[in-house]
Q: 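This is the structure I have questions about; it appears just below.
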Amino acid sequence: MADFFFGLPVVVQAVVKGLAVILFIFPVAAACSMAERKVSAWIQRRPGPNRSIPPFLVGIPGTRFLQRLGLWQLMADGGKFVFKEEPLPDHVHRVYYTLAPVIAMVPAFTTVTVVPFGAYLDPHGGVVPLVLANVDIGILAVFAVASLGIYSLILAGWASNSKYPFLGGVRASAQLISYELSMTLSVLPVFLWVNEPGSSGSLSLARVVAFQSGTSGWGGAWFLFTMPVSALIFAVALFAETNRQPFDMPESEADLVGGFHTEYGAFKWSLFFVAEYANMIVGSAVFSLLFLGGWNLLPWLPLATLMEGLHHVTGWAFWLHPLAVGLVSIAIFVAKVLATIFVFMWVRWTVPRFRYDQVMRIGWQKLLPLSIANLIAYAVGIYFLQG
Amino acid sequence: MAVEHTIPDTAAKHAQGAFETERMSISMGPSHPSTHGVLRLQLELDGEVVTKADPVIGYLHRGDEKIAENMTYNQFVPYTDRLDYLAPLANNMAYAIAVERLAKLEVPPRCQAIRVITAEMARISSHLMGLGAFGIDVGAWTVFLYSFTEREKLYKLFEELTGARFTTSYTRIGGVARDVPPGWTDRVLAFCDQFLPQLEEILSLLTRNKIFTDRTAGVGVISREDAIAYGLTGPNLRGSGVPLDLRKDRPYSGYEQYEFDVPVGSRGDAYDRYLVRAEEMRQSVRIIRQAIAGLPAGKWYAEDARRIFAPPKDKVLTSMEELIQDFMLVTEGPQMPAGEVYFEAENPKGALGFYVVSKGGGVPWRLKIRSPSFCNLSILPRVCVGAMVSDVVAILGSFDFVMGECDR
């Protein structure tokens, strides 16, 4: 299977990978939007969407359960965005107005490709990460591409040629740039630790996971526990970067109506929506890789040990098959990503929203100094630890 | 901790040739998520800072006062539902008492107690709505749904009592439409018992939440003097530290019998107004419990209101005198003495006043409504200047106004 795939021309491989991304992100983002509605319903003590069902499916066993889960509602929502009339207000700058949602999608889809999502064991027992594009610059690629997403917000705000979107766009540009700094600084200690002196330096995310795959000592502990401040700063900045409450200044519907997407509707709006969830998924994935040990089940219990243990306990050789390892690792990783996304939703439906100037103050006066201090402290600590 | 916003003097900067700026005029409302109906604020912004706020009202004007001049006193009761449509029972009561004072009617104690119970329930439901809307304005959606759940329980009780959930039209001149149904008071007490812990849970989402306090403390500060000068009433006035509560100061409908505290704020900011409303809900529960415990027996309408109330139908069909009375009532309306009266009741939103002028006959010659939301909103141009756009939303939320009442 793998040999067949790698035997294909490079262009075909790229197309397949691209399709895989689109076919993965769209349904998962849509499922996340439904999960958001269900989680909010759960938090707010109400059933959430549980009514819609296609008439021809009524009565078929199992569909009732899916109806309660809101699966058909999800499809109806998605279909609605595709089939609705596309409003194009007269006062907008048409080209940029149309371009903005497209630009929103590009970084969201691109970053997915460089995020490893699982691993399998090669014949020698080594852990090989599963990733669409295993670039050595890893986290740098994520940051570089993800930061392009802000252009879509600015462009949408400006091209709408309307006052509330304009304010939203201004807020977006200021906020996203401010929090990128802290975010980047907060992950530096991780890579300082991972790349020991003398090793070939790498910013690969897979390497961070490999470092957290030790069975004892510092190596096995997740960075969440060894670098809690970094994890905190990264998580807060992630909220801000993905425009999630309490940092959803660019759209903050209470005062800016819809913020940068006020003038958008139908499919264009849904592209922003999917992009937001895609960013959230990628952000959660990066957080899981950096701080939650990636596809390792527990601290000091890495994937390879887990699979060998399962093999030992049950006696099934099946556990060491690359496919089984791959599936288990993906399951563990996805579970962590979903748990992180759940925290995103949990926070959104629990706390109020900051004010714009408070967001900026937190970013520049609290998080940035904290992340710099954190970086220096860990740099010194790592020097003595490794030197 | 008052947050000081300095408005940069753009004119001076412009004169120095530093940069060119322009103030942006933006229309907030009448169709905006946070203007609670159809208030429109014409804002002038310098960046995110409001330099001028001009409320534009009247989008919900229905001419209630003029309508009143063309109908009998009892016919106007449903229109009072639509003033502050979040507390119709309290409006009904205020209007009924005003007209009863004009007609010099004394309602029996049972009627008074029932009215107090319903008015306090209306207060709780209105404050719950205000709390939830305030939550949404600062971004806390869950608060809204929690408080709506509690409000729904109240609406079930309203429906049982009056037959309507929203537009209750419960009072009549000289009484209430019907006695409380059997077992209703027990269900109200049961609601009160479960409501207080629920309220604490709802409030625990906000009261000590750092984000919420940052968003509301020091925002929309109204000094004691300003609050009085602008004619603020209700929780907005008490939030500024003025302990004026008509239920205490000019008791009506037997409020003097009940023990309750009047909470006041200390700084007059949005957070204080929130706290005042929260405490008022607890005090309302106290009043309801006392009123139900001491609910007197007897009639739920004044006997001598018969010239206003229709006589029993079987008597109308069999007895001459009642037939004539019924005829007069139907054709000309209840006959009111000439005179004028002004009555203010402490409604959830503030002092709701009815000024009724009668020249005798079945319809008022003039009916003026003093609506608390209208007076409370008059201070907006003052408090909004210097605030940020998001603060305007928080200030509006903390004011808890209803445009149906403001525009009448």
Q: Looking at Asp391(B) and Arg355(A), does any basic side-chain N land under 4.0 Å from a carboxylate oxygen?
A: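 Result for this pair is yes, salt bridge flagged.
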Q: Do Met24(B) and Leu167(A) come close enough that some side-chain heavy atom pair is under 4.5 Å?
A: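 Answer yes - side chains close enough.
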Q: Side chain, backbone, both or neither: which part of Ser27(B) has an atom under 4.5 Å from a heavy atom of chain A?
A: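 Backbone only.
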Q: Please determine, among Leu45(B), Asn209(B), Ile211(B), Leu145(B), the option with the most heavy-atom pairs under 4.5 Å with chain A.
A: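 Answer, by heavy-atom pair count under 4.5 Å with chain A: Ile211(B).
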Q: Please indicate whether Tyr85(B) has more than 12 foreign heavy atoms, meaning atoms of other residues, nucleotides or ligands, lying under 6.0 Å from its OH.
A: yes
Q: Are more than 12 heavy atoms, taken from residues, nucleotides or ligands other than Phe166(A), located less than 6.0 Å from that residue's CZ atom?
A: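 Incorrect, the count does not exceed 12.
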Q: Kindly check if the number of other-residue, nucleotide or ligand heavy atoms within 6.0 Å of CH2 (Trp141(B)) is above 12?
A: no
Q: Strictly distance-based, threshold 3.5 Å: is any side-chain N or O of Glu48(B) a donor or acceptor partner for the main-chain N or O of Tyr356(A)?
A: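 The answer is no, because no donor-acceptor pair under 3.5 Å joins these two groups.
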Q: Is any side-chain heavy atom of Tyr164(A) closer than 4.5 Å to a side-chain heavy atom of His32(B)?
A: yes
Q: Is NZ or CZ of Arg45(A) both nearer than 6.0 Å to the six-membered ring centre of Tyr146(B) and within 45° of the ring axis?
A: yes
Q: What distance do Met28(B) atom CE and Lys163(A) atom NZ have between them, rounded to the nearest 0.5 Å?
A: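 Going from CE on Met28(B) over to NZ on Lys163(A), the span is 13.0 Å.
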Q: Tell me, yes or no, whether the heavy-atom count around Arg46(A) atom CZ, taken from other residues, nucleotides or ligands under 6.0 Å, exceeds 12.
A: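 Atom CZ in Arg46(A) is crowded, with more than 12 foreign heavy atoms closer than 6.0 Å.
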Q: For Tyr151(A), is the OH atom crowded, meaning more than 12 foreign heavy atoms sit under 6.0 Å from it?
A: no
Q: Determine all donor-acceptor pairs shorter than 3.5 Å in which one atom belongs to a side chain in residues 337-350 of chain A; sequence neighbours excluded.
A:
from	atom 1	to	atom 2	distance (Å)
Thr340(A)	OG1	Lys336(A)	O	2.7
Trp349(A)	NE1	Glu36(A)	OE2	2.9
Thr350(A)	OG1	Trp346(A)	O	2.5

Q: Tell me, yes or no, whether the heavy-atom count around Arg382(B) atom CZ, taken from other residues, nucleotides or ligands under 6.0 Å, exceeds 12.
A: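 Atom CZ in Arg382(B) is not crowded, with 12 or fewer foreign heavy atoms closer than 6.0 Å.
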Q: Counting only heavy atoms closer than 4.5 Å, note whether Gln358(A) contacts chain B via side chain, backbone, both or neither.
A: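 Contact with chain B: side chain only.
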Q: Sub-3.5 Å donor-acceptor pair from the side chain of Arg215(B) to the main-chain atoms of Arg353(A), do we have one?
A: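 Yes: the side chain of Arg215(B) pairs with the backbone of Arg353(A).
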Q: Measure Leu206(B) against the heavy atoms of chain A and call it side chain, backbone, both or neither at under 4.5 Å.
A: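 Interface part for Leu206(B): side chain.
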Q: Quick check: do Arg361(A) and Asp214(B) have side-chain heavy atoms less than 4.5 Å from each other?
A: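 Result no, sub-4.5 Å side-chain heavy-atom pair not found.
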Q: Taking NZ in Lys80(A) as the centre, count heavy atoms belonging to other residues, nucleotides or ligands within less than 6.0 Å. Is the count above 12?
A: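 Counting neighbours around NZ of Lys80(A), more than 12 heavy atoms of other residues, nucleotides or ligands fall under 6.0 Å, so yes.
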Q: Answer with side chain, backbone, both or neither: which region of Ile26(B) has an atom nearer than 4.5 Å to a non-hydrogen atom of chain A?
A: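 Its backbone and side chain both get close to chain A.
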